[in-house]
Amino acid sequence: MSVIFECSSLTKQYGHLAALDHVDLKLESGRIVGLLGPNGSGKTTMLKLANGLIVPTSGSIRIGGYEPGIETKQMISYLPDANYLPDWMKVETLVSFFGDFYPDFRRERAMEMLNSLNISPAAPLKTLSKGTKEKVQLILAMSREAKVYLLDEPIGGVDPAARDYILETILRNYSEDALVLISTHLIADVERLLDEVVFINSGKIMIHRTVDDIRDSEQKSVDEYFREVFRCWENY
Amino acid sequence: MPWDLDSKRSIYGQIIERIKSRIVTGTYPPGEKLPSVRDLAEEAGVNPNTMQRALSELERTGVIYSQRTSGRFVTEDENMIRNLKEAAAEEVVETFLEKIRELGLDIQTVLSMIQKSAGGEDNERNI
C-alpha cells in the first residue's frame, strides 16, 4: 500500500500558540487510523488543514500527492466536527445535493442507511434532533466512494446504540483501498476497528503505532495506554 | 453483536483463537467454506485488515486453505483438527492445574476427585 496522506514539518500558528508544531506523518491507503488526543491537542486543526479550510503557517500537507485543492476535494470525504448543513433543506434534498456535487456519491447507499436508522427522507433538517443531524452528516460522508475519509468525532454526539451502528457503517462502507482517519477521544468505542493510532498532544505527534503492537507490548488496551501516557505527560 | 474480545490482548491473536475454536467445536466443519473476510470482520466488529492477517496466519499453519477463486475452506485433515482439539484441552488442563496448585491440593486427591465426578457418568470403568 502506498502513502496517501503526508504531512511534512506541518505547522499552524495562531498568534504565539502552535496548534500544530512541525508535524511529520505518513499514512497509507487501506488503513483505518485513529487520531487520538486530548481536547485542544490539534486534531481538528490537522483535519481542517487537510481540507484546505485553513492554510499552514509553514510546512506542507499532501493528499494523494496534491496540496489541498480541487483534486483533493474529489478524493476526500470529510465529516467536520460542526454541523454545517443548511437547516431549511429536507434530508432527501441534501442527498440529491451531494449527488450533484460528488460523482462518487452513492444515492442508494445513503437511502438504505437513512432507512436503517429510521430517518425520514422527507423530514426538514430543522425538525431533527442534534444527534439525528449528526447521523445524517455521517451518512452523507460515508455514502461517497472516496479515497480518504476524514471523520472528526463521528460518534461524539450520538447514543451508544447508534454508535455501534455508525461504527459498523464505517466498516461496511469504506472502500478497501481507502484511508479512514477518525479523530476521537472515545477510544474504547473505536479501538477494535483501528489498524493504527496516532497520539497527538500540544500540536506534536507523540506516538504512532498499531493497535495490536500496543496491546502485545503493553498488555493494555489503547484506551488504558492513552490514559497512562497522558497522565505521565502532565507530570512533566 | 460483535465478538466479545479482551481489550488487553491483541485482536489478531483472539480472532485466531476464536476461529480455531469454531473449527474444533464443529461450527465450521472440515471442508466448510468460511465467510468472506469482510463478512467475518463485520460480524466480529473488527477491522478487515486485522481479520485478513488472522486468516493468513491460520492459512500459513494449514488450519484453513484457500482456493484462488472460490474462497477459504477449513482443512479436511482430521488429524490436524484432532491436534487442535488436544491443544485446546491441554490449555484447559493447564489452567485447571494452576488453580488446583493455588488451593494446595496434591495430584492424587485431585485425581480421585475427578474419578468420582466422572464416575457419576460411568461407574464401572477404571480411568
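Convention: sequence-line order gives letters A, B, ...; per-chain numbering from 1. Given the structure is predicted, the values throughout are model-derived calculations rather than measurements. What you see below is based on every heavy atom in this structure, not just the backbone, and it leaves out hydrogens, waters and symmetry mates.
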Sole residue of A:Leu27, A:Leu151, A:Leu25, A:Ile76 in side-chain contact (heavy atoms from CB on, under 4.5 Å) with A:Leu181: A:Leu27
Pick from A:Ile32, A:Leu193, A:Asp195, A:Ile170: which one has the most heavy-atom pairs with chain B under 4.5 Å? A:Asp195
Pairs involving residues 58-69 of chain B, ordered by first then second residue, that meet salt bridge (charged side-chain N to carboxylate O under 4.0 Å, His left out) (sequence neighbours left out): B:Glu57-B:Arg60, B:Glu59-B:Arg72
Does any part of the side chain of A:Phe226, heavy atoms only, come nearer than 4.5 Å to the side chain of A:His185, both counted from C-beta? no
If one checks every heavy atom of A:Tyr225 against chain B at 4.5 Å, the contacting part turns out to be neither
Hey, are the side chains of A:Asn201 and A:Phe230 touching, using non-hydrogen atoms and a 4.5 Å cut-off? yes
Taking B:Glu42, B:Arg38, B:Arg53 one by one, which has the highest count of heavy-atom pairs under 4.5 Å against chain A? B:Arg38
So, using side chain to side chain contact (heavy atoms under 4.5 Å, CB included) as the criterion, who are the partners of B:Pro29 when residues are at least two apart? B:Glu32
Side chains of A:Pro80 and A:Asp152, heavy atoms from C-beta outward: is any pair under 4.5 Å? no
N-O pairing of A:Lys220 and A:Glu228 below 4.0 Å: yes
With chain A, which of B:Val46, B:Thr50, B:Asp39 has the greatest number of heavy-atom pairs at distances under 4.5 Å? B:Val46
What's the verdict on side chain to side chain donor-acceptor pair (under 3.5 Å) for A:Ser116 and A:Tyr165, showing C-alpha distance, side-chain angles and the deciding distance? CA-CA 9 Å; A:Ser116 349; A:Tyr165 179 81; 3.0 Å; yes
Would you mind telling me which of A:Glu168, A:Arg172, A:Gln219 has the largest number of heavy-atom pairs within less than 4.5 Å of chain B? A:Arg172
Contacting moiety of B:Asp6, where chain A heavy atoms sit under 4.5 Å: backbone
Using only non-hydrogen atoms and a strict under-4.5 angstrom cutoff, which residues of residues 9-28 of chain B touch chain A? B:Arg9, B:Ser10, B:Ile11, B:Tyr12, B:Gln14
For A:Val211, is it the side chain, the backbone, both, or neither that has a heavy atom closer than 4.5 Å to a heavy atom of chain B? side chain
Measuring heavy-atom distances to chain B, does A:Glu224 have an atom under 4.5 Å in its side chain, in its backbone, in both, or in neither? side chain
Is it true that the side chains of B:Glu76 and B:Tyr65 contain a donor and an acceptor less than 3.5 Å apart? yes
Who passes salt bridge (Lys or Arg N to Asp or Glu O under 4.0 Å) against A:Asp223, sequence neighbours left out? A:Arg227
